[in-house]
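A quick write-up on the structure given underneath.
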2 protein chains.
Amino acid sequence: MSDRRTEILRAATRVISRRGVRGLRVAELAAEAGVSASLIYYHFTDRAGILRETLEFIGERADRYTAAAGSDAAGDPRAELAQILLLELQDTAEVRENSTAWGELRASAVFDPDLREDLARATHTWVHEIAYLLGRAHPSGTAPAHAAAAERLTALLEGLSVRWLSGSLPLDHARRLLGGAIDAELRNLQRVHSG
Amino acid sequence: MSDRRTEILRAATRVISRRGVRGLRVAELAAEAGVSASLIYYHFTDRAGILRETLEFIGERADRYTAAAGSDAAGDPRAELAQILLLELQDTAEVRENSTAWGELRASAVFDPDLREDLARATHTWVHEIAYLLGRAHPSGTAPAHAAAAERLTALLEGLSVRWLSGSLPLDHARRLLGGAIDAELRNLQRVHSG
DNA sequence: GTCTATAACCTGATAGAC
DNA sequence: GTCTATCAGGTTATAGAC
């Protein structure tokens, strides 16, 4: 599917990563996609439609590369976990675009209750995946312990990601901090089990 | 200092906590403050000036209540640490306003390089304070270990805070997760020291 | 210092031709 | 499906009276 519609969605992802969800202007998106503004309204009805479909598009793309990364290290749950989490802290156009858009979606939801339900569901899915991997890495731990560790790791990742993107934290430093947290959570699950 | 100018800054804090930095409209701020729009321009020159001074105002207010909280538990570094960090996860108007505005400042800086320098400096100061308290709680640890723990705890706090404000995480749950992370970081400093 | 009125601009959205 | 106008409404910022 590489039609005009998809081109516009790709362009919207780039514009959002540059200007933010709230900084997206239909005219700028039109210029970025090389089409007229009214064509965008033809395909997406209104600004909210552009945003809704673009965020969906970004979500699908993120799922794809998360799945791809997982399969790289299949069989070693600890490596798989580290790989999937550290994947979000990389200076490539695709990761930057996705992380930026995700952060914007989160930040926008603080002021826009309409976005909260989708966001909470996506967050829950994401936490659940990580909890599952923690469970495979430490099958003896309890499910609540896995869930808490997954919530801490993903929340930390979001915090580090926005610090990186906002210029408060160099990328390699953020990666080291996240790596340290993964090790600490795994040690912690070990400790709870043996204690 | 409780003059018109300060009243406007207080009103701006409320509007930002309701609409976001990028959702602030001068007309709405004027209504909130009970003054005319042009009076705002008289005092703050332009929209950027309003934002700049308001964010400064919020920073000072946060410093004040952080300092106040620290003195409550003075003498017990561990309790002081927990108190200061958990202070940011409370459902009071003031904390909500500050957390919301801080999150917005962070989110805006992703797209506005002008904000980055101030933000990085404020972040550094904040991390440094927490590292200092960790050092007092575990004087035997190394400075880099304290710094890393402080960076993880403050980044986690920011991540949990925005999840709370965006409706993905109940407040009491966020508090428990942060409390668990504080304990884990302190245990970790212990482990590094004895290992 | 503070107001009312308004200029100047920007942005989302639509009409209508092709 | 795609374009070129263009409108309607909202927003920043200024002029000028008091």
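Letters A, B, ... mirror the listed sequences (proteins, then strands); counts begin at 1. Keep in mind that the numbers below use all heavy atoms, side chains included, and drop hydrogens, waters and symmetry copies. Because the structure is predicted, anything quoted here is derived from the model rather than measured.
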(Q) Could you walk me through whether His173(B) and Leu160(B) satisfy the side-chain contact (heavy atoms from CB on, under 4.5 Å) test, starting with their C-alpha distance in whole Å, then the side-chain angles of each, then the deciding distance to 0.1 Å, before giving a yes or no? (A) CA-CA 9 Å; His173(B) 195 159; Leu160(B) 292 172; over 6 Å; no
**Q.** Contact pattern, 5' to 3', of nucleotides 4-18 of chain D - B, S or - by protein heavy atom under 4.0 Å
**A.** B------SSBBB---
Q) Considering all heavy atoms of both residues, which atom of Ile8(B) and which atom of Leu29(B) are nearest to each other, and what is their separation? A) O-CD1, 3.8 Å
Q) Sequence neighbours excluded, which residues qualify as side-chain hydrogen bond (donor to acceptor under 3.5 Å, both in side chains) partners of Arg19(B)? A) Glu28(B)
Q) Quick one: which of Val35(B), Ile40(B), Leu9(B) gives a side chain to side chain contact (heavy atoms under 4.5 Å, CB included) with Arg4(B)? A) Val35(B)
**Q.** dT2(C) phosphate, OP1 or OP2, under 4.0 Å from Arg4(B) side-chain N/O
**A.** yes
(Q) If you apply the rule side-chain contact (heavy atoms from CB on, under 4.5 Å), what do you find for Glu104(B) with Arg22(B), and how did you get there? (A) CA-CA 8 Å; Glu104(B) 266 288 283; Arg22(B) 288 163 287 185; 3.8 Å; yes
**Q.** Distance, rounded to the nearest Å, where Tyr42(B) contributes OH and dT2(C) contributes P
**A.** 8 Å
